[in-house]
Q: 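First the structure, which I've put down as structure tokens, then a few questions once you've had a look.
Along the sequence shown, the residues carry numbers beginning at 1.
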Amino acid sequence: MTILRTALASAAFSVASLGHAIATPDVAVSIKPIHSLVAAVMQGVATPDLIVEGAASPHTYSLRPSQARNLSEADIVFWVGHELEAFLEKPIETLGLNARSVELIDAEGLVRLGFREGATFERHDHDEHEHEEHGHSEDKLDHDDDDHKDHADDDHEDEHGHEEHAHGSADPHVWLDPENARHMLHEIADVLSDVDPANAARYEANAETAMARLAALGEEIEGLVAPVRERPFVVFHDAYHYFEARFGLHAAGSVTVSPETVPGAARVREIQARIRELGATCVFAEPQFTPKLIRVVTEGTEARTGILDPLGASLEPGPDLYGALLTDMASSFRTCLEPRS
């Protein structure tokens, strides 16, 4: 009996040791679209933790104490970068020495666009789109236009917004270009393989599969938006530059500089004038923020209203969210912008 207990104890110790040896890294991811890409690469190995859940916005998010504790235990944290998830800066600074913080806005090969300033945008996105068709060989931060200066009569909100965008930082909504997502998938697989070499082959295979799906996704979106490419529209805030540049759409302006800031009366008047001047077909709200401003901006115009969701507020987290997010966005553009009899 003693021999049997000794043998069982030895076997249990061996299994525990084996389990420890093959343990996968604890991975935390900031927002749903990035979580979806990481989950796709980790399929069949483990499921990453999502920090910003539900319909919450990273622009206004506050980390809960329980999340801070979980974050402190993570081996890898994938996030876009301090430009988007400022609430993560201090917690990430306190991560253990062995933890990896990966800012995907710095992924190799990724194209970054600068912020567009002022209430209205110049229509230069089409040129960018044509350039990108020939390859992403250039960092578009240099396109942070001097043409788009805020109007002198705009009030403090626009001045504050200009200060926020005047540090040479890139527009952080990089995931809205599926070509950028391809580069992020490559970066995610490389980091996971480095930390967890036992599963490197699986990570690489999953990334390749996800990249192939992105190619098909791009073709589907091209078909959806092609009939409405020349239809002008206004967005809630300048979050869609990457999607527009990739698929040849043209925003006429944004209601607010940043989601946290209420636009001043001068900006609202300018947007209303722009809508009338261009005959803008649609003004898009976002599910994370109150639609009241959209009603104010469209008052007295013939513009319709729609919803664009850059984060997947109502979508279930997981590997399939990213494709659904971009497809839903393309469908929203098509529905709101197409002519009606």
Side-chain angles (χ1 to χ4, degrees), residues 24-25 27 29-48 50 76 78-80 102-113 128-138 140 173-226 229 240 242-249 309-312 315-334:
T24 54
V27 178
V29 189
S30 59
I31 58 173
K32 282 183 171 181
I34 304 303
H35 177 269
S36 181
L37 298 176
V38 176
V41 176
M42 295 186 72
Q43 267 192 311
V45 179
T47 302
L50 173 63
I76 309 172
F78 290 104
W79 55 316
V80 176
V102 183
E103 294 186 65
L104 289 171
I105 199 169
D106 296 325
E108 184 177 354
L110 185 140
V111 168
R112 297 174 297 147
L113 301 174
E128 290 175 352
H129 176 67
E130 289 178 342
H131 175 82
E132 288 173 1
E133 291 293 339
H134 295 87
H136 295 281
S137 60
E138 175 182 345
K140 295 297 194 315
H173 302 86
V174 291
W175 66 89
L176 293 180
D177 180 350
E179 181 66 13
N180 276 348
R182 186 175 69 83
H183 292 294
M184 287 190 280
L185 285 167
H186 184 73
E187 180 77 9
I188 291 162
D190 280 355
V191 171
L192 287 168
S193 297
D194 185 45
V195 174
D196 180 23
N199 288 301
R202 174 64 68 89
Y203 296 139
E204 293 297 334
N206 285 347
E208 290 296 330
T209 299
M211 289 178 196
R213 289 174 181 164
L214 286 180
L217 176 66
E219 293 178 4
E220 180 182 357
I221 292 172
E222 287 279 357
L224 280 169
V225 303
R229 278 205 178 100
Y240 308 96
Y242 292 95
F243 191 92
E244 296 167 41
R246 172 55 54 192
F247 297 109
L249 296 166
D309 181 8
L311 295 168
L315 298 176
E316 190 68 25
D320 297 329
L321 178 142
Y322 183 81
L325 170 68
L326 264 64
T327 302
D328 286 355
M329 186 175 295
S331 297
S332 293
F333 276 117
R334 175 71 174 263

Q: Could you tell me the separation between the CD atom of Glu103 and the CZ atom of Phe78, rounded to the nearest 0.5 Å?
A: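 Taking CD in Glu103 and CZ in Phe78, the distance rounds to 12.5 Å.
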Q: Any chance you could measure Glu187, atom CD, to Met184, atom CE, to the nearest 0.5 Å?
A: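 Going from CD on Glu187 over to CE on Met184, the span is 10.5 Å.
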Q: My understanding is that only residues two or more places apart in sequence, or in another chain, count here; which of them pass ring pair (Phe, Tyr, Trp, His ring centres under 6.0 Å) with His173?
A: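 Partners of His173 under the ring pair (Phe, Tyr, Trp, His ring centres under 6.0 Å) test: His59, Trp175, His237.
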Q: Is Val38 close to Ile76 at the side-chain level, that is, under 4.5 Å between some pair of heavy atoms?
A: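 When only atoms from C-beta onward are counted, Val38 and Ile76 do not touch, as no gap falls below 4.5 Å.
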Q: Report the residues that fulfil side chain to side chain contact (heavy atoms under 4.5 Å, CB included) with Thr47, sequence neighbours left out, ordered by chain and then residue number.
A: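 With neighbours one apart ignored, the set is empty.
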Q: Has Asp177 got a side-chain atom pairing as donor or acceptor with Tyr242's backbone, closer than 3.5 angstrom?
A: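 Checking the backbone N and O of Tyr242 against the side chain of Asp177, no donor-acceptor pair under 3.5 Å is found.
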Q: So Trp79 and Ile31, side chain to side chain contact (heavy atoms under 4.5 Å, CB included) or not? Walk me through it.
A: CA-CA 7 Å; Trp79 55 316; Ile31 58 173; over 6 Å; no
Q: In chain order, what residues pass the ring pair (Phe, Tyr, Trp, His ring centres under 6.0 Å) check against Phe243, with sequence neighbours excluded?
A: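 Ring pair (Phe, Tyr, Trp, His ring centres under 6.0 Å) check on Phe243 returns Phe247, Phe333.
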Q: Got Leu104 and Val80 here, is their nearest side-chain heavy-atom distance under 4.5 Å?
A: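 Heavy-atom side-chain distance check fails, nothing below 4.5 Å.
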Q: Using every non-hydrogen atom in the two residues, find where Gly318 and Ala39 come nearest and quote the distance to one decimal.
A: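 Answer, listing the atom of Gly318 first, then Ala39: C-CB, 4.2 Å.
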Q: Start with the C-alpha gap between Thr327 and Glu220, add the side-chain angles, then the distance that decides, and say whether side chain to side chain contact (heavy atoms under 4.5 Å, CB included) holds.
A: CA-CA 8 Å; Thr327 302; Glu220 180 182 357; 3.6 Å; yes
Q: At what distance, to the nearest 0.5 angstrom, does CG of Leu249 lie from CE of Met329?
A: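 Leu249 CG to Met329 CE: 10.5 Å, rounded to 0.5 Å.
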Q: For Pro317, give me all partners under side chain to side chain contact (heavy atoms under 4.5 Å, CB included), at least two apart in sequence or on another chain.
A: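 Listed in chain order: Lys32, His35, Leu50.
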Q: At their closest point, which heavy atom of Leu325 faces which heavy atom of Pro33, and how far apart are they?
A: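 Heavy atoms of Leu325 and Pro33 come nearest at CD2-CG, 3.7 Å.
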Q: Rounded to the nearest 0.5 Å, what separates atom NE2 in His183 from atom CD in Glu179?
A: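 These two atoms lie 4.5 Å from each other.
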Q: Any idea which heavy atoms bring Gly312 and Leu321 closest together, and the distance?
A: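 Heavy-atom minimum between the residues: O-CD1, 4.3 Å.
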Q: Would you name the heavy atoms of Pro25 and Met42 that are closest together and state the gap between them?
A: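 In this case the closest contact between Pro25 and Met42 is O-CE, 4.5 Å.
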Q: Only counting residues at least two apart or in another chain, list the ones meeting side chain to side chain contact (heavy atoms under 4.5 Å, CB included) with Asp309.
A: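 Per chain and number, Asp309 pairs via side chain to side chain contact (heavy atoms under 4.5 Å, CB included) with Pro287, Gln288, Leu311, Ala313.
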Q: Can you name the side-chain hydrogen bond (donor to acceptor under 3.5 Å, both in side chains) partners of Ser30, sequence neighbours left out?
A: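 Once residues adjacent in sequence are excluded, the partners of Ser30 under the side-chain hydrogen bond (donor to acceptor under 3.5 Å, both in side chains) criterion are Glu85.
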Q: Just to verify, what does Arg202 make a salt bridge (charged side-chain N to carboxylate O under 4.0 Å, His left out) with, not counting sequence neighbours?
A: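 If we apply the salt bridge (charged side-chain N to carboxylate O under 4.0 Å, His left out) test to Arg202, skipping adjacent residues, there are no hits.
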Q: The criterion is ring pair (Phe, Tyr, Trp, His ring centres under 6.0 Å); which residues satisfy it with Tyr203, sequence neighbours excluded?
A: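 For Tyr203, no residue satisfies ring pair (Phe, Tyr, Trp, His ring centres under 6.0 Å) once neighbours in sequence are set aside.
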Q: Quick one: does any side-chain atom of Thr24 pair with a main-chain N or O of Ala46 as donor and acceptor, under 3.5 Å?
A: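 Not a single qualifying donor-acceptor pair exists.
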Q: Not counting sequence neighbours, list each pair that qualifies as a salt bridge (Lys or Arg N to Asp or Glu O under 4.0 Å) and has a residue in residues 324-334.
A: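 Residue pairs passing salt bridge (Lys or Arg N to Asp or Glu O under 4.0 Å), neighbours aside: Arg334-Glu338.
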Q: Side-chain polar contacts of residues 188-195 - donor-acceptor pairs under 3.5 angstrom, sequence neighbours left out - could you list them?
A:
{"from": "Asp190", "atom 1": "OD2", "to": "His186", "atom 2": "NE2", "distance (Å)": "3.3"}
{"from": "Ser193", "atom 1": "OG", "to": "Ala189", "atom 2": "O", "distance (Å)": "2.7"}
{"from": "Asp194", "atom 1": "OD2", "to": "Arg100", "atom 2": "NH1", "distance (Å)": "2.8"}

Q: Go through the structure and list residues passing side-chain hydrogen bond (donor to acceptor under 3.5 Å, both in side chains) with Arg213, not counting sequence neighbours.
A: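 side-chain hydrogen bond (donor to acceptor under 3.5 Å, both in side chains) list for Arg213, sorted by chain: empty.
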Q: Which heavy atom of Leu214 sits nearest to which heavy atom of Pro178, and what is that distance?
A: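 Where Leu214 meets Pro178 most closely, the heavy atoms are CD1-O, 3.5 Å.
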Q: Quick one, Leu326 with Leu176, criterion side chain to side chain contact (heavy atoms under 4.5 Å, CB included). Give me CA distance, side-chain angles, the key distance, then yes/no.
A: CA-CA 7 Å; Leu326 264 64; Leu176 293 180; 4.2 Å; yes
Q: Over all heavy atoms of both residues, which pair between Ile105 and Leu110 is shortest? Give the atoms and the distance, please.
A: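 Nearest heavy atoms, Ile105 then Leu110: O-CD2, 3.6 Å.
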Q: Using side chain to side chain contact (heavy atoms under 4.5 Å, CB included) as the criterion, list what pairs up with Ala212, not counting sequence neighbours.
A: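 Partners of Ala212 under the side chain to side chain contact (heavy atoms under 4.5 Å, CB included) test: none.
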